[in-house]
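Written out below as structure tokens is the structure these notes cover.
Order of appearance sets the numbers: ligands from 1, and atoms from 1 within every ligand.
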Amino acid sequence: MLKETIEPLSIQYEFAKRYFKDFLTERKHLSPYIKPEKTPLLIIDLQGIKSRYLGVKYHFSQFKVYYAVKANDHKDILKTLAELGCGFEIASSQELQKVLELGVKGDRVISSNPIKPLEFIDNCYRSGVNRFVVDSFTEVDKISKIAPRSRVYVRLVVPNEGSDWPLSKKFGVDVDTALDILEYAQDKGLVPYGLTFHVGSQCNNFRNWLIGIKKTSELWQRAKQRGLRLQMLNLGGGIPVKYTYEALRIEDIAYYVKGLLQKFMPSFPHELQIEPGRGIMGDQGIMVCRVIGKAKRGDENWLYIDTGVFNGLAEALGGIRYPFYLDREGNLKEWTIGGISCDSMDVVARRVPLPEPEVGDYLYILSAGAYTTVYASEFNGFPKPEVLCV
Ligand SMILES: *Cc1c(COP(=O)(O)O)cnc(C)c1O
């Protein structure tokens, strides 16, 4: 991974500039929309989503793809994916409702959130969704009561090092506990179906998949010894996209993972699943906002924009560094980009190289397709970005 902070300003800026130009050259149908009257606006490329989905399908050829709806649940996106035959990974009754409304049947839906509300499990069961993740005995109790005879897969804990958005501390169990949970589920009349792990979102470290598959292999063999016949391995999410640096390529991850499965799995899983969210959506969206103010505070050049961490850029707080571009020439300066609200936490990025803008200029935020508008609130009375899918 390239560490942008040690690079000269011009290299960082050229990376963002080239990204912006390439993005629009490859997506000519977006050009008419990039100077909107009203900002902030998130522009999503539906054709790009299509080709990305087909790319994932092609490279992960033996896998069923379940799009993680939380990454971006806009209706047009879900519709585009549903028409291509994509499955969906959901966590809430509202997400369930959204996919059912598109005519997707329950057997194309799974839920990989380890702790689920009772009412959600009930709604799933009634809609024909009967595959659930578990990582606690309590969850097995809940599912066996509300959704009897469902298939359950257990979530293993794996390292999330090298992922820009780590997830693993909150969920997941070790191999011993996983076996106990699967056995307990069988005793409760559920079907021990398989396992999953999540390497962390925006994962740029092959090693996390290596450890995940080694653990899978151990669990697979020991489950067999205990008379549990597992069928399914779910690889979770984690496929990274380009931000201020180039990410691992999907084809390389797929090649690596398939090699690991050949090498470490005693018997090949009957069914393979993958749940990309960011990997499908992240670089299919560009956020257009405007500069609303400038200030010099000590040595720091501040630039204020009409969105912020509460209106769509929440991931900036957790380490995601978006590429920024604005259409001006001139000497580069380092800018701190402040969000629109009064909150001092509302800082979108620091040390961003840009030419000097004027108030009213468009500022383009690349790779804003995933985990942006879905996080947005109307804190301080500022609206969420509009979304335009073209
Ligand atoms: C969020 C999530 C995903 C999607 O992760 P990405 O890194 O965005 O691909 C997949 N599976 C589960 C269980 C998740 O919680």
Side-chain angles (χ1 to χ4, degrees), residues 44 49 52-53 55-57 59-60 63-74 77-78 81 86-92 95-96 99 109-117 120 124 129 131-136 139 152-173 178 193-206 208-209 212 232-243 247-250 253-254 257 272-285 314-315 318-320 367-375:
I44 299 278
I49 293 169
R52 178 58 52 80
Y53 169 75
V56 172
K57 281 293 290 174
H59 294 295
F60 283 92
F63 287 72
K64 280 193 190 146
V65 181
Y66 295 85
Y67 171 63
V69 173
K70 75 171 184 295
N72 195 324
D73 63 356
H74 192 281
I77 296 169
L78 301 181
L81 290 169
C86 185
F88 296 95
E89 189 277 313
I90 59 163
S92 65
E95 288 182 350
L96 173 66
V99 298
V109 181
I110 59 174
S111 178
S112 298
N113 185 350
I115 311 292
K116 293 165 279 298
F120 170 62
C124 281
V129 178
R131 288 175 292 170
F132 301 100
V133 83
V134 290
D135 70 353
S136 65
E139 198 70 5
V152 292
Y153 47 106
V154 72
R155 174 141 162 189
L156 287 176
V157 64
V158 295
N160 274 202
E161 283 135 37
S163 298
D164 286 352
W165 197 263
L167 301 164
S168 88
K169 282 207 184 106
K170 187 170 170 188
F171 299 121
V173 289
Y193 176 44
L195 71 144
T196 186
F197 57 84
H198 201 305
V199 292
S201 202
Q202 185 67 7
C203 178
N204 264 294
N205 187 354
F206 280 122
N208 295 352
W209 281 287
M232 190 281 290
L233 166 62
N234 174 315
L235 217 59
I239 293 177
V241 298
K242 175 158 87 172
Y243 283 95
L248 295 182
R249 300 188 313 166
I250 292 176
I253 297 169
V257 162
L272 292 164
Q273 305 176 347
I274 187 168
E275 305 172 326
R278 193 188 306 274
I280 289 196
M281 275 313 301
D283 52 353
Q284 305 304 330
E315 284 205 314
I320 294 292
S367 287
Y371 304 115
T372 48
T373 43
V374 283
Y375 275 134

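- The contact set between ligand 1 and Arg155, taken as ligand atoms under 4.0 Å from a residue heavy atom, comprises 13 (C).
- Here's the thing with Ser112: none of its N/O atoms is less than 3.5 angstrom from an N/O atom of ligand 1.
- The atoms of ligand 1 that sit less than 4.0 Å from any heavy atom of Arg278 are 6 (P), 8 (O), 9 (O).
- Close contacts between ligand 1 and Pro276 involve ligand atoms 9 (O) [criterion: under 4.0 Å to a heavy atom].
- With values rounded to the nearest 0.5 angstrom, Phe197 atom CZ is found 9.0 Å from Asn208 atom CG.
- Atom CD1 in Ile274 sits 8.5 Å away from atom CG in Asn234 (nearest 0.5 Å).
- Close N/O approach between Ile239 and ligand 1 is not found [any backbone or side-chain N/O within under 3.5 Å].
- Close approach of ligand 1 to Ala68 (heavy-atom distance below 4.0 Å) involves ligand atoms 3 (C), 4 (C), 10 (C).
- Checked for salt-bridge contact, Arg155 and Glu139 miss the test: no charged N lies under 4.0 Å from a carboxylate O.
- Considering only heavy atoms from C-beta on, Phe60 comes within 4.5 Å of Ile250 through its side chain.
- Listed by chain and residue number, Tyr375 satisfy the side-chain contact (heavy atoms from CB on, under 4.5 Å) test with Ala314 (two or more places apart in sequence, or in another chain).
- The OH atom of Tyr53 sits 7.5 Å away from atom CG of Leu81, with the distance rounded to the nearest 0.5 Å.
- Each of the atoms 3 (C), 4 (C), 9 (O), 10 (C), 11 (N), 12 (C), 13 (C) of ligand 1 lies under 4.0 Å from some heavy atom of Glu275.
- In the displayed structure, Lys64 atom NZ is contacted under 6.0 Å by at most 12 heavy atoms of other residues, nucleotides or ligands.
- The heavy atom nearest to atom 6 (P) of ligand 1, out of those in Pro240, Cys203, Ser201, is found in Ser201.
- Within the listing of ligand 1, atoms 1 (C), 4 (C), 5 (O), 6 (P), 8 (O) sit less than 4.0 angstrom from a heavy atom of Tyr371.
- By the 3.5 Å distance cut-off applied to N or O atoms, Gly200 is not counted among the residues near ligand 1.
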